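Just below is one structure, and these are the notes that go with it.
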There are 2 protein chains.
Amino acid sequence: MTRLKRTKIPQSVVKRLTKYLTFVQGLRMSGVEWVSSQDVADALGMTSSTVRQDLSHIDFHGISKRGYETRGFHKVLAKVLGADTVWNMIVVGAGNLGKALALHEEFPRRGYNICGIFDNDPRKMGRKVGRFAVQDIRDMPRFISNGKIDVGIVAVPASAAQSVADMLIIARIRGILNMTLTHVVAPKHIVVIDSRIVANLFELSHAITAAR
Amino acid sequence: MTRLKRTKIPQSVVKRLTKYLTFVQGLRMSGVEWVSSQDVADALGMTSSTVRQDLSHIDFHGISKRGYETRGFHKVLAKVLGADTVWNMIVVGAGNLGKALALHEEFPRRGYNICGIFDNDPRKMGRKVGRFAVQDIRDMPRFISNGKIDVGIVAVPASAAQSVADMLIIARIRGILNMTLTHVVAPKHIVVIDSRIVANLFELSHAITAAR
DNA sequence: TAGATTGTTAATCGATTAACAATC
DNA sequence: TAGATTGTTAATCGATTAACAATC
């Protein structure tokens with residue numbers, strides 16, 4: 001039974017672990033059984049030193065001359081990232097983005113189950129999004145406590161982001177995926193991760209502009 | 001006329017500039033005319049030192065005792081991030097996520113215009129996504145060169161990500177927004193920014209798990 | 001065995017924070 | 001003026017890379 005290490009893994013390392021997970025999963029699907037730190041580094045554009053240093057945060061070991069067994073590698077990465085368990089999520093905001101996320105097959109395929117979608121617009125309530133009917137946001141707190149919901153995805157207009165986050169926090173959600181541009185404030189026992197697509201577009205247009 | 005500085009701005013700084021832009025835009029909308037580095041830091045959960053250090057990369061200056069004028073601050077951030085110009089984008093992949101992105105009002109509102117959506121599935125071709133008909137991916141290269149397309153959003157299954165990216169690269173796209181989990185390889189004159197929502201979910205479930 | 005590759009320590013590099021003189 | 005706040009230099013902190021002994 002693989003045990004997690006006590007020490008906190010830096011966020012920079014966690015971000016790379018998500019890349020390793022995807023890469024190693026691909027290798028397994030191709031039937032590759034062993035991979036070296038250099039292989040990983042080459043595929044993902046980094047140094048083998050970084051790969052080995054990152055793995056030192058994890059209770060998993062390679063073998064000299066052979067590298068890492070993909071099976072165990074994949075398994076431990078999934079465990080460390082929480083990708084080996086099932087998570088219950090709700091989507092708040094039934095606009096185009098919220099609806100798409102509620103329908104995104106990739107999430108349940110990976111154990112991130114959508115359990116409901118909420119909005120505050122009465123005209124949207126009851127409308128079907130796949131197998132879900134849009135629910136009144138006022139029913140959200142009860143839904144969270146009844147359904148053991150772990151994660152709330154915030155896909156509302158920026159102006160409503162903080163108040164929706166506050167509702168989620170009061171309802172004792174464990175984590176928030178913030179899809180809005182707004183910075184969301186939360187007590188530190190609640191995890192907030194930003195997934196701000198427009199901010200990524202800013203980064204992109206900056207880099208294009210800056211390239212000469 | 002505001003001039004951009006010569007030196008390259010570190011990516012860590014650029015990421016924070018996107019937060020400043022959103023925050024300062026909100027201030028302007030509320031009619032606030034001046035903001036101090038401490039105000040920004042408090043709102044976004046960082047130190048005032050970081051804010052001032054970040055601004056040293058930019059050709060914009062505050063005034064002792066008053067801080068920064070929001071109008072100029074907003075303007076220079078928009079300029080540095082390329083948010084003050086119009087960008088032409090296409091979406092590749094007409095699944096739920098691709099369709100939602102093609103419909104996302106936030107993008108054109110901010111100058112990131114969707115110009116078309118492509119897929120390789122003949123059953124999807126011709127179908128309407130808002131005002132767009134899904135086009136054959138084989139017509140993509142010509143569309144890019146004819147339409148002065150700057151950015152390609154890759155919203156296809158992970159297995160197709162690299163080959164789609166290669167098509168975009170050959171067609172001389174300037175930047176790629178990668179929505180898939182896969183690492184995308186590109187020559188260094190092509191900007192690739194990852195916006196991997198599932199990876200953000202991994203980060204989230206890791207953090208929830210790691211919190212004791 | 002010989003040599004490839006790990007795991008870890010040490011060196012380097014970069015990013016964040018602290019401190020403070022300049023200044024409005 | 002007095003004091004708040006900038007801009008920048010220096011100090012600290014953390015992350016990445018290099019190097020190499022251990023080892024399979």
Side-chain angles (χ1 to χ4, degrees), chain A residues 2-3 5-20 23-24 27 32-73 76-77 80 183 203 206 210, chain B residues 2-3 5-20 23-24 27 32-73 76-77 80 183 203 206 210:
Chain A
T2 330
R3 221 171 13 79
K5 282 201 175 169
R6 286 269 72 206
T7 49
K8 189 176 151 296
I9 304 176
Q11 189 62 14
S12 55
V13 175
V14 173
K15 282 196 138 69
R16 283 192 298 267
L17 294 185
T18 70
K19 293 215 144 193
Y20 302 163
F23 177 61
V24 172
L27 291 180
V32 177
E33 286 180 17
W34 293 89
V35 66
S36 72
S37 57
Q38 190 62 57
D39 295 337
V40 177
D42 291 344
L44 303 180
M46 50 185 74
T47 69
S48 66
S49 244
T50 301
V51 176
R52 293 198 301 281
Q53 192 70 273
D54 286 352
L55 293 188
S56 73
H57 294 277
I58 284 178
D59 190 15
F60 174 69
H61 295 270
I63 294 178
S64 286
K65 207 182 163 181
R66 283 205 272 179
Y68 304 90
E69 202 181 2
T70 53
R71 193 176 124 83
F73 198 0
V76 75
L77 287 171
V80 166
H183 177 77
E203 290 176 45
H206 163 76
Chain B
T2 329
R3 221 170 13 81
K5 281 200 176 172
R6 285 268 74 204
T7 49
K8 189 177 153 291
I9 304 176
Q11 188 62 12
S12 55
V13 175
V14 173
K15 282 196 138 69
R16 284 193 296 269
L17 295 184
T18 69
K19 293 215 145 193
Y20 303 163
F23 177 61
V24 172
L27 290 179
V32 177
E33 285 179 20
W34 292 88
V35 65
S36 71
S37 56
Q38 190 62 57
D39 294 337
V40 177
D42 291 345
L44 303 181
M46 51 185 72
T47 68
S48 66
S49 244
T50 300
V51 176
R52 293 197 301 282
Q53 192 69 271
D54 287 350
L55 294 188
S56 74
H57 294 276
I58 284 178
D59 190 17
F60 174 69
H61 294 269
I63 295 175
S64 287
K65 210 184 163 179
R66 284 203 271 179
Y68 305 90
E69 201 180 5
T70 54
R71 192 177 126 84
F73 198 177
V76 76
L77 287 171
V80 167
H183 176 76
E203 291 176 44
H206 164 76

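Letters A, B, ... are given to chains in the order of the sequence lines, protein chains preceding strands, and every chain is numbered from 1. From a predicted model like this one, the values you see are computed outputs, not experimental measurements.
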Pair partner, C/dC20 [Watson-Crick or wobble, under 3.5 Å]: D/dG7
Reading 5' to 3' through nucleotides 14-19 of chain C, protein heavy-atom contacts under 4.0 Å coded B for base, S for sugar-phosphate only, - for none: -SSBBB
Any donor-acceptor N/O pair, B/T70 side chain to B/V32 backbone, under 3.5 Å: yes
Spacing of B/R66 atom CZ relative to D/dA2 atom P, expressed in whole Å: 21 Å
Whole-Å gap separating P (D/dT6) and NZ (B/K65): 13 Å
Rounded distance (Å) that lies between atom P of D/dT6 and atom CD1 of B/I58: 15 Å
Parallel, tilted or perpendicular, as decided by the 30° and 60° cut-offs, for the rings of A/F60 and A/F73: parallel
Side chains of B/H206 and A/I9 in contact at under 4.5 Å (non-hydrogen atoms): yes
Spacing between A/F60 atom CZ and C/dT5 atom P, to the nearest angstrom: 16 Å
Sugar-phosphate only, base, or nothing, as touched by B/S48 at under 4.0 Å among non-hydrogen atoms: nothing
Non-hydrogen side-chain atoms of A/V51 and A/L44 separated by less than 4.5 Å: no
Exceeds 12 heavy-atom contacts within 6.0 angstrom, atom CD of B/Q11: yes
Between C1' of D/dG7 and CD of B/Q38, the distance in whole Å: 15 Å
Rounded interatomic separation in angstrom, taking CH2 from A/W34 and C1' from C/dT6: 12 Å
Heavy-atom side-chain contact between B/L27 and B/D39 under 4.5 Å: no
Residue matched to C/dG14 through Watson-Crick or wobble contacts both under 3.5 angstrom: D/dC13
Below 4.0 Å: OP1/OP2 of C/dG7 and any side-chain N or O of A/H61: yes
Separation of atom CD in B/E69 from atom C1' in D/dT6, rounded to whole Å: 15 Å
Separation of D/dT5 P from B/I63 CD1 (nearest whole Å): 13 Å
Non-hydrogen side-chain atoms of B/V35 and B/F23 separated by less than 4.5 Å: yes
